[in-house]
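Just so you know, these numbers come straight off a predicted model, no measurement behind them. Hydrogens, waters and symmetry mates play no part in the numbers below; they use all other heavy atoms, side chains included.
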Amino acid sequence: HLRLHTPMASQSESEEECGSSSHGEYEALRDGDSGSAQQECATELPLSFLRGVSTGEALYSGRVSRASAVEYGAGMEALRAHSPMATRQLHLLACRECEPLAAQMLATRLGKKYMCAGNIKWGTFPDGYPNTFISRIDELRNADVVFLADFLNPANLFEQFSLLYVLPRYSCRSVTVVLPYFPTGTMERVEHEGQVATAMTLARMMGGMPLGQRGPAKLMIYDIHALQVRFYFSDTVLPVLLTAIPLLKRVLCKRYVDPQREIVITFPDDGACKRFARYFDGYELVICAKVRDGDKRVVRVKDGEVSGRATLIVDDLVQTGGTLIECKNALVAAGATSVGCFVTHAVFPNQSWKRFTPEAGQDFDTFYVTDSCTDTVKQLRGRKPFEVISLANDIVRRLLQHTI
């Protein structure tokens, strides 16, 4: 049987205690040496062994019995139980705009167990430049630090980047930036000479972060508008692209008995369909598109049937909302009984969300948004037809997945 060593100390200390012979014995076992290596496989194995072999390899290689593989799985559970995350907490910092979201994260079950709150004093000098102070800075040394960022307002970029650039220099073990909305994602390419792709500009600014103890910082983004933006970042930052669609599906399962039969998922264009259709297996899908009607371009139902059905429009973001309103009108004209909407990012510049309210003559069933754009969401809470889906619990869960 495999007897697994689950060290409480660091990896380097474990490997010093175990020596290199155990790892060599594992190499002999993996390579099929049926001699002394198999007899010696009961020796304690270093952490590098656990990282070098998977449960599937242990079970299906034909060289380890099922009983040994089961014991291997139990050992892995023991390793997780005694891993540094059992005692290590994520230190959560937040910009001013994200402080309500940070409070929600700390209040979740996992947040209470694995996170602690840091404190930043955001001030300004008389000339308007930021005067930022990180309280209890000693606690951040050798700590896994998470910073909740919000770049929706360009005026807040300087103070947040000033903080991001200095965190690795205080010997943080790792730095993870949670930026739910990447604001320049819609300007990722140029169509005419002279245009500036500001998505690349912001990506280069993120790439200015120094390397930390564990290498590049991670950057977590929800439903970025163009997936190719991930390749604009330099090697000093690792983008982690996430989606809020599973959160929407949970809400639909609570509202409907059988959402796959009761609603039709509609995409306002081919781009949204290519991006999100794979998340809606089992649902009927409808695609809208802009077509030329005389001198104008209007939205029509391009593919699918909505007559007599409730439908939900799904997209990554909304700004002025003109396309969504045209899409809703096209669906109603095609016979849809009700039209709802979901977007991850409710940007709504200049309070354009008012166009979707009953007071503006709109009759959207429910308009689901996440709280990725914190300032906007403050205005939407409690107003029909909007319903806010919180990212807090999902962010905590994703952070633990990518930090352990």
Side-chain angles (χ1 to χ4, degrees), residues 97 150-157 179-192 195-199 202 221-226 229 244 248 265-273 275-276 286-293 295-302 311-333 336 339-389:
E97 293 75 17
D150 187 320
F151 295 166
L152 185 61
N153 185 351
N156 300 330
L157 288 181
L179 180 64
Y181 173 55
F182 189 80
T184 60
T186 56
M187 194 57 198
E188 83 288 358
R189 64 183 187 275
V190 297
E191 297 177 349
H192 304 286
Q195 286 183 315
V196 178
T198 52
L202 188 54
I221 305 172
Y222 277 85
D223 290 319
I224 195 167
H225 183 70
V229 172
L248 168 66
I265 301 298
T266 300
F267 302 108
D269 51 44
D270 288 321
C273 180
R275 179 76 179 276
F276 297 118
V286 169
I287 306 173
C288 293
K290 285 188 175 182
V291 298
R292 186 167 296 280
D293 184 9
D295 296 333
K296 299 184 298 182
R297 291 177 62 82
V298 296
V299 175
R300 295 280 188 268
V301 176
K302 173 185 173 182
T311 184
L312 181 72
I313 305 170
V314 174
D315 207 355
D316 61 326
L317 62 87
V318 57
Q319 296 214 30
T320 60
T323 299
L324 294 181
I325 291 175
E326 289 185 45
C327 187
K328 189 265 292 185
N329 294 337
L331 292 168
V332 171
V339 180
C341 190
F342 167 81
V343 296
T344 303
H345 309 298
V347 183
F348 287 131
N350 302 317
Q351 295 188 326
S352 56
W353 55 267
K354 292 182 178 180
R355 301 179 62 186
F356 292 85
T357 61
E359 292 78 8
Q362 297 296 331
D363 55 350
F364 278 86
D365 176 39
T366 304
F367 199 127
Y368 299 102
V369 300
T370 74
D371 49 1
S372 63
C373 300
T374 52
D375 278 348
T376 306
V377 166
K378 294 176 184 177
Q379 305 172 53
L380 301 184
R381 292 189 187 276
R383 295 181 181 269
K384 293 184 177 181
F386 299 102
E387 181 175 325
V388 179
I389 301 174

* Would you indicate whether the side-chain heavy atoms of Phe267 and Asp315 approach each other to under 4.5 Å? => no
* **Set of side-chain contact (heavy atoms from CB on, under 4.5 Å) partners for Thr184, sequence neighbours left out** => Phe182, Thr198, Ala199, Leu202
* **Atom pair OG1 (Thr374) and CG (Leu152), whose distance is rounded to the nearest 0.5 Å** => 7.5 Å
* Dump the intermediate steps for ring pair (Phe, Tyr, Trp, His ring centres under 6.0 Å) on Phe367 and Phe342, then the final yes or no. => CA-CA 6 Å; Phe367 199 127; Phe342 167 81; 8.9 Å; no
* Asked: What is the minimum heavy-atom distance between Cys373 and His345, and which atoms define it?
  -> SG-CB, 4.2 Å
* Asked: Should we say atom CG of Asn350 is surrounded by more than 12 heavy atoms from elsewhere, each under 6.0 Å from it?
  -> no
* Pair Asn156-Glu97, side-chain donor/acceptor within less than 3.5 Å -> yes
* Asked: Taking the side chain as C-beta and beyond, is there a heavy-atom pair between Glu359 and Lys354 under 4.5 Å?
  -> no
* Side chain proximity check, Asp270 to Ile287, heavy atoms < 4.5 angstrom -> yes
* To do: Quick one: closest heavy-atom pair of Thr311 and Ile265, and the distance?
  => OG1-C, 4.5 Å
* Asked: What distance do Asp150 atom CG and Leu179 atom CG have between them, rounded to the nearest 0.5 Å?
  -> 7.5 Å
* With a 4.5 Å heavy-atom cut-off, do Leu380 and Phe348 have their side chains touching? -> yes
* Val332 side chain near Val339 side chain, heavy-atom distance below 4.5 Å -> yes
* Interatomic distance, Thr357 atom OG1 to Phe364 atom CZ [nearest 0.5 angstrom] -> 11.0 Å
* Any donor-acceptor pair under 3.5 Å linking the side chain of Asp223 with the backbone of Ala244? -> yes
* So do the side chains of Cys288 and Lys302 get within less than 4.5 Å of each other, counting heavy atoms only? -> no
* Is there a side-chain contact between Tyr368 and Leu312 (heavy atoms, below 4.5 Å)? -> yes
* Stepwise side-chain contact (heavy atoms from CB on, under 4.5 Å) test for Thr366 and Phe386 -> CA-CA 6 Å; Thr366 304; Phe386 299 102; over 6 Å; no
* Lys378 atom NZ, over 12 foreign heavy atoms within 6.0 Å -> yes
* Shortest non-hydrogen contact from Val347 toward Thr376 -> O-OG1, 3.2 Å
* Looking only at heavy atoms, what is the nearest atom pair of Ser352 and Phe356, with distance? -> O-CD1, 4.0 Å
* With sequence neighbours left out, write down each residue that passes ring-ring contact (aromatic ring centres under 6.0 Å, His included) with Phe276, or none if nothing qualifies. => none
* Structure fact -> What one should report as the nearest heavy-atom pair of Val298 and Arg300 is CG2-NH1, 3.3 Å
* Asked: Does any donor atom in the side chain of Thr344 or Thr370 lie under 3.5 Å from an acceptor atom in the other side chain?
  -> no
* **Minimum side-chain heavy-atom gap Trp353-Arg383 below 4.5 Å** => yes
Which donor-acceptor pairs under 3.5 Å do side chains of residues 318-331 form with protein atoms, sequence neighbours excluded?
| residue | atom | partner | partner atom | Å |
| --- | --- | --- | --- | --- |
| Lys328 | NZ | Gln362 | OE1 | 3.0 |
| Lys328 | NZ | Asp363 | OD1 | 3.0 |
| Asn329 | ND2 | Ile325 | O | 3.3 |

* Asked: Of the non-hydrogen atoms in Arg275 and His225, which two are nearest, and what is the gap between them?
  -> NH1-O, 3.3 Å
